[in-house]
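Here is the structure we will look at.
Just so you know, these numbers come straight off a predicted model, no measurement behind them. Chain letters run A, B, ... following the sequence lines, proteins first, then strands; residues in each count from 1.
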Amino acid sequence: MRWELTRFSPGGLNAPRRARILAFGLALAGALLEIAAAAVGVLAPAGAVFSLPFGVELFSWTVRLNPLSCYFNLALGILAAAVSIYSFGYLRDMEGRRNLGVLGFFYNVLLLSLTLVFTAANVFFFLVAWEVMALSAYFLVSFEHEKEATRRAGTVFLIMSHAGTGLLLVGFLILAQAAGTLDFAAFHHLASKLPPSQQGLVFILFFLGFGVKAGVIPLHVWLPAAHPVAPSNISSLMSGIVIKTGIYGMALVFFDFFDAPPVWAGMVVLCAGVVSALLGVLYALMEHDLKRLLAYHSIENIGIILIGFGAALVFRGMGHPELAALALIAALYHTLNHAIFKGLLFLGAGSVLHSTRTRNMEEMGGLIRRMPVTALCFLVGAVAISGLPPLNGFVSEWLTYQALLAGFGSTAELTRVAFPIAGALLALTAALAAACFVKAFGISFLALPRSEHAAQAQEAPVSMRIGMGILAAGCLALGLGATWFLPVFDTITAQTIGVKMGASLTAANGLVLTSGTFRGGAVSTVGMAAMLVLLSAIPGMFWLAWGRRSRRASGPTWDCGLPGLTADNEYTATGFSKPIRMIFSALYRPRREIQADYEVSLYYPTAIRFESEIEPAFEKHFYDPLQAWLFRFAGRMRSVQAGSIHAYLAYIFVALIALLLFGVRG
Amino acid sequence: MDFLHNPEFGDKLVTLMAAFVLVFQIAMVGQRSLIMNIRLFGAQSFLLAAIAAVIAHYNHAPHIYVAAVMTVLVKVILVPVLLERLVDRIEIRHEIEPIVNVPLSIVISGGLTLVAYIVGESFYHPETGAASLGHNTLAVAISVFLIGFFMMINRRKALTQVFALLTLENGIFLAAICLTYGMPLVVDLGVFFDVLVAVLVLGILVYRIRETFESMDVSKLRRLRG
Amino acid sequence: MTGAILKTLAQLVLLLMLAPLVSGFIKMLKARLQMRRGPGILQPYRDIHKLLRKGMVVPDSASWLFSATPYVVFLATLLAGLMVPMAAADTPVGLFGGVLAVVYLLGLSRFFLALGGLDTGSSFGGLGSSREMTVSALAAPTLMLAVFTVAIGAGSTTLAQIAKVAINQQWRFLEPSQILAFAALFLVLIAETGRIPVDNPATHLELTMIHEAMILEYSGPYLALIEWGASVKQLLLMTLLINVFWPFGLAAGWSLAGLAAGLAWLLVKLAVVSCGVVLVETANAKMRLFRVPELMAVAFVLGALALVSTFLF
Amino acid sequence: MGLLVFLLIPVVAAVLSAVAPTRRDMENANIAGFGVTFVLALLIAARVLRDGSVSLWDGFLYADHLSALVCLLTASVALVCSVYAVGYLREDESSGLLDDDARTAGGRLSPPVLLPSDEHRPPAAAKLRKYYVLTPLFVFAMLGVALANNLGVMWVAIEATTLASVFLVTFYGRVTSLEAAWKYAIIGGVGLSMALFGTVLVYYSGHRVVGMETLAGLNWSVLAGHAAQLDKTTMRLAFILALLGYGTKAGLAPMHTWKPDAYSEAPAPAAAILSSAMLNCALYGLVRFYILASRCLGPEFPGRLLLIFGMLSMGISVPFVLVQRNFRRLLAYHTIDHAGIMVTALGVGGKLGALALMLHMTYHTVAKSLLFLCAGNVSQHFKTDLFDKVKGGVIRAIPVTGAVFLMAMLAIVGMPPFSLFQSEFLIVRAAFGAGHYVPTALFILFGTGIFAGALLHVGGMVLGEGQTGGTACPASAWRDGSMLALAAALVTMAFWLPAPLLELIRGAAKVIAG
C-alpha cells in the first residue's frame, strides 16, 4: 500500500515551478514504488487485501492485490514514470501561463484513481475509483478549455463514460444480487452460475460498459476527440493506460467473474475486436492530425486486444483452458505493449507539438534533422506499433496469430471459420497500420520542412528525451526479452483460468518463444536481432570490397527539370492515403471540393484550394441523429412547462382523479 | 319534538343539506357573475355551518359549535366581504370568463360527481354499521372538492381562482365535520387561521397582479417557461 | 553448432546467387516470348556488380534513414530467406521464426523502403511509397489466409514442419483446396514482387511506377542492395510457394545426395513458376491502380474458398 | 422545554428584525438567531441520540431521530444562508437592484387595506426588512413541521411555510416574480388542500381506534402505534391524498410545475432554503404518512405509488435539464429529480431504502444549497441567469465560485467521490435487491440524462474563455465564506461522516423502516 500515499499531491500551489517539480516528482516517486510493488505482486502473488483507513463506514474502501491487478499496475507504473519525467520538460514553457498546480493535482488524482481501479476489491470502491478516474481525465482533457473543441471533447467523453458506468452498475447489481455481497472475491466464477439469459445480459452490459472506456467501435466516438486535445503527456496516459481500464474490467469480468462464458459471447468479442481493429486503422489512415491519428490507432489496438480476448473466451467456453490461456496472454501482452509504444508515440507527438506548435502533419516534415532523438524514438514506436520484428508489437501480434491458428484446429463447429478470417483481417489491419505509420513518420519527420515552424523546430529538452527514451527502450526490451517476460503470466492465468503456460511457451533456454505444445510455431526476436547483426557482415564485405573506393556525392533530388525542389512538391499526408481513400470509399464516403482561381485560362490557375473530408459514419448515422432526436424530444417536452397555470393545475387534477380511481379499485 | 333528538333524522337532515352544498357548488360553476359567485360561496359556507351545528346538536359534540361559529365568522362574513371589497377596489369586470363554456362545465361537474360517488362507494360498509353519516356525505365532500378544483382550472381571473380554492376547502370541511365530527379544536383553529392568512396573501398577490399587469387574467402570466 | 553455421552459410550463398539468376531467367524468358532478344540470363549479376562499384548520389533532402534503408531491406529479406526451406525441408534458422516471421520481416523491409522513398522529398518517392503500402496491405489478408490454410494443415507455422508434412502427402496438391490456395498465393506473389498486372518492373514511366518510384533516388551500392534484396524476396516467395505446395524432391535430412536432388528439383520447380509468372506478365497489361483491389479481392475469395474447402469437405 | 425555546428563537429573530432600526441590526438578529437555532438543533439531536425521543406538552411537540435530523438540516441551511444573505443582499442593494419595483412601473393605485404599508420607506430598506423578517418565520414554520406530532398541526405548519415564503419569491418585485409567486401560492394551496383532506381521512380512519375529540387522535406517535388497526380503505385514500398534497410541496411530477418558477425568482439564499430545507420538510410530511400507510396496508401499496411518482419526477426533469437555458431553473429541475430520487428510495423501502433516503436527504441538502449559493454568485457577477448571456468562462471571472459550482454540480449528479454517489448507489442497490428491476434501470437511465444535461450546461458555463470586460462584482467574505464552508462540508462528507450524525441518520432510517 505504500505507493498509494505518495499520490497525494500539492494542487494549486502558487509557485508554478515548485508545483510542477513537486507534483510530477511525487508522481514519479509513486510510479517507481508502484513498479516495484507490482513486480513483487505479479511474481509472488500474496493475495493481499487492505482496507483504507477512511471513507464512510457504510462502505468498505478496500483494495486487493492479485496478479491481474499487479500486472496492470506494472503497465501503469512504467508509463507513469516515463510520462512524469517527460512532464518536467514538457510543462516548463507553460509556466506562468497556466495553473500547473491544477494540472499536477488532477494528474496525480488520475494516477491514484487508476491504481485504485486496478486494485479495488469491491463494487462500490471500484465504481468510485472508476468515476474519479473519468472525472480527473475529464479535467485533464479540458485543461485547455478555452477552445470550443476541447470543451466539447471533454463533455462527450465524460457523458459517454458516465453512460457506460450506468451499464456497469446494472451488471454489478445483478452479480451483487446473486452473491449477496459487493466483494469481488465472492464474484469469482459467479456469473457462470446465473441462469443463461442473465449470463448473456451480464456479459453484454459489462462488454458495452467497459467497451465505452476502451473505445470499442461503435462506442469509440469520444476517443479520437478527447485524446488529441489533452496536453500530450496526458494524451499519452489516456491512450496508454486509461483506455486499458476497460480492458482490465473486461479481463476481470470475462475471466474472473465468468468461469466459462457462453461461446457466442466470445464470438461477439472477437467480431467487435476485428471491426474495431480494422475500422480503427482505416480511420487513422485518413487523419493528418498527428494526435488524432494516434488516437484512432488506439482503437485499432484495442481491437487487437479484443481479438485475443474473444479467442480466449471461445476456447474457454469450449473447454480448452490452455488455448484460452495462450489467447489471454497474447491479449494481455499486447495491452502492456500498446501502453508502452502508444505512450511513446504520444510523447513523441507531444515533442513535435511542443516544438512546432502544430498537430497538422502537413505542416511538419524534415524534423528528423532538427529533432534526431525524438525522431528515433518515434520511429521505434512506429515500428513497434506496426507489429514489425523484432520489437514488442510483433511478439504480441504473433501470439495472437498463434492463438487464432490453434483455435481453428481445436474447435469443431462451423464458427471456427471465424478464426482464420479474423487472422486475415488482423493481417490487413497490421499492413494498413504499417502504411499509416509510414505516412505518419514519413510525412512528419522526413524530407523537407513544410512550414516555417517545422524549419525552426528545436529538439526537445533533456527530460522529455529521457521520458521517450525509457519507453523506446521498453519497446526494445519487451520485444527482445519477451521470453523472459512471459513467465509473469503464469500467476495471472493461474488466477483466472487455472492453468500455467509459462514453461511451455519458451524453448531453447528461453531464447525461443513457442506457441505451446499443441500446434507448433516458434519465433525468436532475440535470434532475429542477432542474425540481423551477423548478416550485416555481408553488406560489410561488399563495402570492403568495392564500396570504399566508390564516390558518395550529394545532390539535389530529381525535380523533373523544374527549377528546384521545394516542400510544395512533396507528397502530402492526404495524398499518401488517397489510394486507400479511393479503395474504401464506400466506407469513407469522401467529399471533396476543389476551388481554382484563374485569370487567363482554366488551365493556368493562380490558386487552388483543395478540401477533402471523409464522412464520420458512426457520428453521422447514429450519434448525431440520436442527439438531435433527444434534443428535439426534450424541446418538445418543454411545452409541458409552457407557463399556463391552468395547465399546471390540470396536471394535478388528472393525477388526482386517476389516483382516486386507482386507490378505489386496486 | 322527538325528531330533535333522533340521530337518524339528524343524519337525513345533514344529507339533505350536504346535497344542497353540492347544488350550490354546481351553481357556482354555472354562474357568470362574480359577485353572485361570491354570494353563492357565502351561502354554501352558511349551509356548512348549519350542518356543523346540526351534527353538534345530535351528537352532543359541543366543540363543533365552535367550528360552526368560526365558519360563519370567517367564511360567511369576513371572506366574502373582503373579496367583494377587493372586487370593488380593483374595478375588474364582474363577468367570469371560464375557459370551458358553461354547459360543458356543468357536464364535467356531473362527471366529477360520478367519480366522487365511485370513490365514496368504497366506504360503504353496511355490515360494520360504522360511520353513521357514511359514504353519502363523503361523496358529496369529494364532489365539492373536485368541482372546486375544476373551477380553479376553469377560471381565468386571479380572484376567481382564489375563491374556487375556498370552495374546495369547503369540501374538506364538509368531510371533516361529517366523517369525524370535526377535527380537534386546535387543528380547526389552525386551519381557519391558515385560511384567513391564505386569503390575505392571495389577496395581496391579486392586487399586485392587477397593478402590474393591468389585468386579472392569470392565463396571461406565461413568461416563465421551460 | 558448426553444422548450423555451415547450413546457414550454404543457404545464404544459395539465396544470394540464385536470386539474380531467377530474375535474369524471367527477363530472358519474357524477352523471348515477346520475340525480343533481350539481355542475357546473367545480366542481373552484371548489374549488381557494376552498381556495387559505382559511386552514388544521395539527395540533399534525405536523412540518415535514406542511407539505412538499403541495409534494412537487404538484411531483413535475407533473414526471411534463411527461414524458408529451399533444397532441404529443414531450415537453418527455422527456430527463429516461421512463416509469420517471414511475412513480417518482409513487412519490415517494405516499411523502411517506403520511408526511404518518402525521405527524398520527391513526389515520386511519396507516390511509390503510398502505392506500395496500399498494394501490400491489400495483399496481406490473402497472404495470411493462405498461410493459415497451410499452417492449419500442417499444424504448425514453422516452415520446416509445414514442408515435412507436405512431403508425406505428395499428391495432396491436387486437392481442390490446395489448388485454390496455390492460386491465391500466386496472385499474392505477383502483387508482392511487383509484377504485371499489378506493377511493371521494367517501366520508367513515372506515373505507373510503384516499386521503381520508391527507389528512384537510389544509386550505386544502395541501389544494388535494394535490387538484390528485391530479387531475393522474389526468390524466397517463389520457393515458399513451390516447397509448400509441391514438396517433391525436398531433402528430408541433410545428406549431400538428398541436397543435390533437392537443389535440382528446386531449379526445375523455380523454372516452372517463372514460366507461369512470365506467361501472366506477357498475357496481361498493367492494371490501373484502382483495379488492383479487384484482383486482390479475387485472391482473397480464392484463399477463403481454399480454407473452407479444406475443412468443410 | 428545549423544544419550545428552539421553536421560538426564529420567531424572536423575526420580531427583532421587524423592529430593528438599521440593516446591520437585522443582519445581526438573523445570524444570531440562526446561530442559536443551530446550536439548539445540535443539542436536541444529542438528546434524541441519548434518550430516543423528546416530547413536550403531552406529545404535542415530539422529536425522534427523523425530526431531529430534519431540524438539524434546516437549522444548518438557515445559518449558512443567513450569513450568505448578508453579502448577497448588500451587493443587491449597492447595485441598485432593489430600488425599482414592478409596482412603480404599473399604474398608481392606492393599496387596499390589506396591504402592510411600506410606502413611506425607500423600497430597498423595505425589501431588506421583508427578507429578514420572513426568513426566520419561514424557518420557524419548517421547524414546526418537523416537531409537530399532531398531523393537523403539521399541516398547518406546512401551509405556513408556503405563506411565509410566497413573499420571498416576490422579493425583487419583478413582473416574473409575481407570476412565480402566484403559481407557487395557488398550486401550493391546492396541493395542501389535498393533504388536508388526507389528514382528515387519517383522522377518520383512526378515530374509532384511538378515540375521538382528543388532540391525541391525530398525534402521529399514537396513530403509528395503532397503525395496523386503522381502516384500510380510508387509509388508502388518505395516503393518496397526502402523497399528492405533500408531493406538491416536495415538487414531485406532475405537481412540480411551480418549482422552477419559484426557485428562479427568489433571491439566492431563499432559493437555497426552499430547495433544500423546505424539500426536506415536505418529504418529512410524506414520510410520516408513509409510515402510517405502510404499517396499515403493508409497504406494497404506498411503495408502488411512490415509485411511480419517483420515476415520473426523475423522468420529467431529464428533458428540461437537457435543454435548459437558465441555470437557476436547471437547479430547480435538479431538485425535482432529487425529490424523485428520494421518493423512489422511500418507495423501495426496507432498511436499506430508508437508510439511503436519509443519507441522500442529508447529502442533497448540503449540495443543493451550495449550488444555489454558487448560482447566486454567478448571477450577481454576470447580472443574468441565462447560460447564453454568461457565455462561459466563469472559472476565469470568479475562479473560486466557478470551481465550487462545477464541483457541486458534479456532486449533485452523483459523481463519485462525492457523497451523493454513495446514497444513490445504496438506493439502486436497495431497489434492485427488492426486485424493482425496471425502476432501477430507469433510475440509471434518467441519472445519465441528468448528468449529461448538467455537464453540458454547467461545464460549458464554468469552463471556457469567457467574455472580457464587464463590471466585476466585488468579492464578499460573507458570500464566499459561507459558500466555502458548505463546499468543505461537501468534500468532507465524501470521505467522512461524523459518527453521531451517522447514528442520527441510522436512527431516522429506523423510524421509517421499523
Next on the checklist: With side-chain contact (heavy atoms from CB on, under 4.5 Å) as the criterion, how do B/Phe24 and B/Thr167 come out once you've worked through the C-alpha distance, each side chain's angles and the decisive distance to 0.1 Å?
Outcome noted: CA-CA 10 Å; B/Phe24 277 134; B/Thr167 63; over 6 Å; no

Checklist entry - Is there a side-chain contact between A/Val229 and A/Lys147, using heavy atoms and a 4.5 Å cut-off? => result no

Checklist entry - Excluding sequence neighbours, so at least two apart, what forms side chain to side chain contact (heavy atoms under 4.5 Å, CB included) with A/Leu127? => result A/Val123, A/Thr165, A/Leu169, A/Phe172, D/Phe421, D/Phe425

Checklist entry - Got a sec, which residues hit side chain to side chain contact (heavy atoms under 4.5 Å, CB included) with B/Ser105, two or more places apart in sequence or on another chain? => result B/Val29, B/Val100, B/Phe150, B/Asn154

Where does [X] contact chain A at under 4.5 Å (heavy atoms): side chain, backbone, both or neither?
{"X": "B/Leu224", "value": "backbone"}
{"X": "B/Arg155", "value": "backbone"}
{"X": "B/Leu112", "value": "side chain"}
{"X": "B/Ile118", "value": "both"}

Checklist entry - Above 12 or not: heavy atoms from other molecules or residues under 6.0 Å from CZ of A/Phe618? => result yes

Next on the checklist: Quick check: closest heavy atoms across B/Gly171 and B/Ala141, and the distance to 0.1 Å?
Outcome noted: O-CB, 3.4 Å

Checklist entry - Where do B/Val74 and B/Pro80 come nearest, in terms of heavy atoms and distance? => result O-CD, 4.1 Å

Checklist entry - Quick one: which residues of residues 619-634 of chain A reach chain B at under 4.5 angstrom, heavy atoms only? => result none

Checklist entry - Considering heavy atoms only, which positions within residues 644-653 of chain A lie below 4.5 Å of chain B? => result A/Ser644, A/Ile645, A/His646, A/Tyr648, A/Leu649, A/Ala650, A/Ile652, A/Phe653

Checklist entry - Which word best sums up how the rings of A/Trp130 and A/Phe210 line up, parallel for under 30°, tilted for 30 to 60°, or perpendicular for over 60°? => result perpendicular

Next on the checklist: Is the ring pair A/Trp222/A/Phe157 parallel, tilted or perpendicular, if the boundaries are 30 and 60 degrees?
Outcome noted: tilted

